Amino acid sequence: MSFLDSLKKRRTYYAINKNLPVSKEEIEKKIMEVTELVPDSFNMKSARVVVVFDEKHDLLWDEIYNVFEGKVAHEKLDLFKAGAGTILFFYDEETIKTMQSQYATYAQNFPIWANQANGMLQFSIWNVLRELEIGASLQHYNPVIDTKIKELFNIPNEYKLIAQMPFGGIVNEPQEKEKEDISKRVRIIK
């Protein structure tokens with residue numbers, strides 16, 4: 001599959017289930033491979049990834065509901081819980097602080113660059129999951145859930161939660177994307 005074909009195939013999948021078309025080991029292997037390959041400014045390797053499956057995945061979404069004290073609809077969170085797993089994306093603030101002290105001229109940019117690298121990692125993993133015929137979506141319940149996530153999974157305090165990606169077997173395809181006038185967002189100067 002070409003890169004552009006992969007991009008076209010990647011969508012936001014809310015209708016997912018626990019029936020994975022590949023083994024958990026294959027998913028773990030791909031996530032590790034992508035995490036190693038995605039670039040990071042100054043090669044700082046700031047991204048951290050935690051993957052939860054099975055009961056831990058279910059517990060995660062139950063606890064997210066509890067943290068929000070019912071302010072997020074249970075039906076919405078149950079869509080994510082219906083999946084087979086969730087990828088938690090973090091960056092390591094200690095790594096950033098080390099880079100800031102080593103390269104003071106660029107100090108203010110390291111958190112920005114860590115977020116950019118994390119975005120590339122999220123997008124790359126999302127595409128790899130879709131190539132494996134796995135559906136996923138990207139969620140942002142942080143920072144409200146940060147403390148609970150760290151407690152649940154013994155996450156180091158210096159890890160900053162960026163996003164959550166529930167994934168699973170594809171129940172059905174989302175509607176086609178509406179075409180846009182891309183010239184409103186892309187400007188070519190010759």
Side-chain angles (χ1 to χ4, degrees), residues 1-17 21 27 30-31 33-49 51 61 64 68 71-73 75-83 85-93 96 99-100 103 105-146 160-190:
M1 179 180 307
S2 77
F3 181 68
L4 284 176
D5 288 337
S6 178
L7 290 179
K8 290 174 186 174
K9 199 172 177 183
R10 191 233 33 94
R11 300 291 303 282
T12 296
Y13 286 87
Y14 293 113
I16 56 176
N17 61 32
I27 295 166
K30 292 291 186 185
I31 290 171
E33 186 176 5
V34 170
T35 302
E36 185 173 16
L37 293 173
V38 168
D40 202 347
S41 295
F42 284 72
N43 198 30
M44 70 175 146
K45 299 180 181 174
S46 60
R48 302 294 183 263
V49 177
V51 184
W61 291 102
I64 289 173
F68 276 94
K71 294 178 185 141
V72 176
E75 297 78 22
K76 182 175 183 181
L77 297 178
D78 280 348
L79 291 172
F80 310 132
K81 183 179 174 181
T86 300
I87 304 165
L88 302 169
F89 293 94
F90 301 86
Y91 68 70
D92 181 357
E93 292 181 299
I96 292 167
M99 298 304 286
Q100 288 173 316
Y103 302 97
T105 303
Y106 302 108
Q108 68 186 26
N109 290 330
F110 282 104
I112 296 165
W113 293 336
N115 271 309
Q116 290 171 342
N118 210 289
M120 288 188 289
L121 178 61
Q122 293 163 30
F123 184 69
S124 297
I125 288 176
W126 201 348
N127 275 286
V128 165
L129 288 175
R130 188 60 189 94
E131 288 177 3
L132 295 171
E133 300 299 326
I134 295 171
S137 67
L138 194 61
Q139 304 302 315
H140 301 92
Y141 289 97
N142 46 295
V144 178
I145 64 172
D146 291 13
K160 179 172 179 55
L161 184 61
I162 305 298
Q164 309 82 55
M165 184 178 287
F167 63 89
I170 296 170
V171 174
N172 57 42
E173 291 291 328
Q175 293 181 348
E176 286 294 316
K177 289 183 183 179
E178 188 175 311
K179 282 287 190 187
E180 65 177 299
D181 178 0
I182 198 63
S183 67
K184 292 180 179 179
R185 294 198 297 143
V186 179
R187 184 176 165 201
I188 309 294
I189 300 173
K190 296 182 181 181

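A quick note: this is a predicted structure, and the numbers were derived from the prediction, not measured.
- Taking both residues in full, the closest heavy atoms of A163 and L138 are given as CB-CD1, 3.7 Å, listed atom of the first, atom of the second, then distance.
- By the 4.5 Å heavy-atom criterion applied to side chains, V49 and L121 are counted as neighbours.
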Between I16 and I134, is a side-chain contact (heavy atoms from CB on, under 4.5 Å) present by the stated rule, with each step listed?
-> CA-CA 8 Å; I16 56 176; I134 295 171; over 6 Å; no
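- Rounding to the nearest 0.5 angstrom, the gap separating the CG atom in D92 from the CE atom in M99 is 12.0 Å.
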Can you check side-chain hydrogen bond (donor to acceptor under 3.5 Å, both in side chains) on N118 and Q122, steps first, answer last?
-> CA-CA 6 Å; N118 210 289; Q122 293 163 30; 2.7 Å; yes
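- L7 has its side chain within reach of F123: a pair of non-hydrogen atoms, C-beta onward, lies under 4.5 Å apart.
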In sequence, state the C-alpha distance, the side-chain angles, and the governing distance for M44 and W113, and then conclude on side-chain contact (heavy atoms from CB on, under 4.5 Å).
-> CA-CA 10 Å; M44 70 175 146; W113 293 336; 4.0 Å; yes
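- Side-chain atoms of T35 and I125, non-hydrogen and from C-beta on, do get closer than 4.5 Å to each other.
- The 12-atom threshold is exceeded at CZ of F42, counting heavy atoms of other residues, nucleotides or ligands nearer than 6.0 Å.
- Within the 3.5 Å criterion, the main-chain N or O of R10 finds no donor-acceptor partner in the side chain of W126.
- Considering CG of N115 and OG of S41, their distance stands at 11.0 Å, rounded to 0.5 Å.
- Every side-chain hydrogen bond (donor to acceptor under 3.5 Å, both in side chains) that Y13 has, sequence neighbours left out, goes to R130, E173.
- For NZ of K71, the number of neighbouring non-hydrogen atoms (other residues, nucleotides, ligands) closer than 6.0 Å is 12 at most.
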Between K9 and E133, is a salt bridge (charged side-chain N to carboxylate O under 4.0 Å, His left out) present by the stated rule, with each step listed?
-> CA-CA 10 Å; K9 199 172 177 183; E133 300 299 326; 2.4 Å; yes
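- Between P143 and K160 the shortest side-chain heavy-atom distance does not fall below 4.5 Å.
- Residues passing the side-chain contact (heavy atoms from CB on, under 4.5 Å) test with S137 are T12, Y14, F80, Q139, P166, sequence neighbours excluded.
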Counting only pairs under 3.5 Å, give me each side-chain donor-acceptor contact of residues 183-190, with atom names and distances, residues two or more places apart or in other chains.
{"unit_1": "S183", "atom_1": "OG", "unit_2": "D181", "atom_2": "OD1", "d": "2.5"}
{"unit_1": "S183", "atom_1": "OG", "unit_2": "D181", "atom_2": "OD2", "d": "3.4"}
{"unit_1": "R185", "atom_1": "NE", "unit_2": "E180", "atom_2": "OE1", "d": "3.0"}
{"unit_1": "R185", "atom_1": "NH2", "unit_2": "E180", "atom_2": "OE2", "d": "2.8"}

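- The minimum heavy-atom distance between K45 and D40, with the atom names listed, is N-OD2, 3.1 Å.
- The nearest pair of heavy atoms linking R11 to P174 is CB-CG, 3.8 Å.
- Once rounded to the nearest 0.5 Å, the distance linking CG of L79 with CG of N17 reads 12.0 Å.
- In this pair, Y141 and F68 present their aromatic rings perpendicular. The plane angle is above 60°, beyond the 30 to 60° band.
- Residues passing the ring pair (Phe, Tyr, Trp, His ring centres under 6.0 Å) test with F90 are Y159, sequence neighbours excluded.
- Residues passing the side-chain hydrogen bond (donor to acceptor under 3.5 Å, both in side chains) test with N142, sequence neighbours excluded: Q164.
- Among all heavy-atom pairs drawn from A136 and L129, the shortest one is CB-CD1, 4.1 Å.
- Scored by the ring pair (Phe, Tyr, Trp, His ring centres under 6.0 Å) test, Y91 finds no partners at all (sequence neighbours excluded).
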Stepwise, does the side-chain contact (heavy atoms from CB on, under 4.5 Å) test hold for I145 with L161?
-> CA-CA 9 Å; I145 64 172; L161 184 61; 3.8 Å; yes
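- For the atom pair OG of S46 and CZ of F110, the computed distance is 10.0 Å after rounding to the nearest 0.5 Å.
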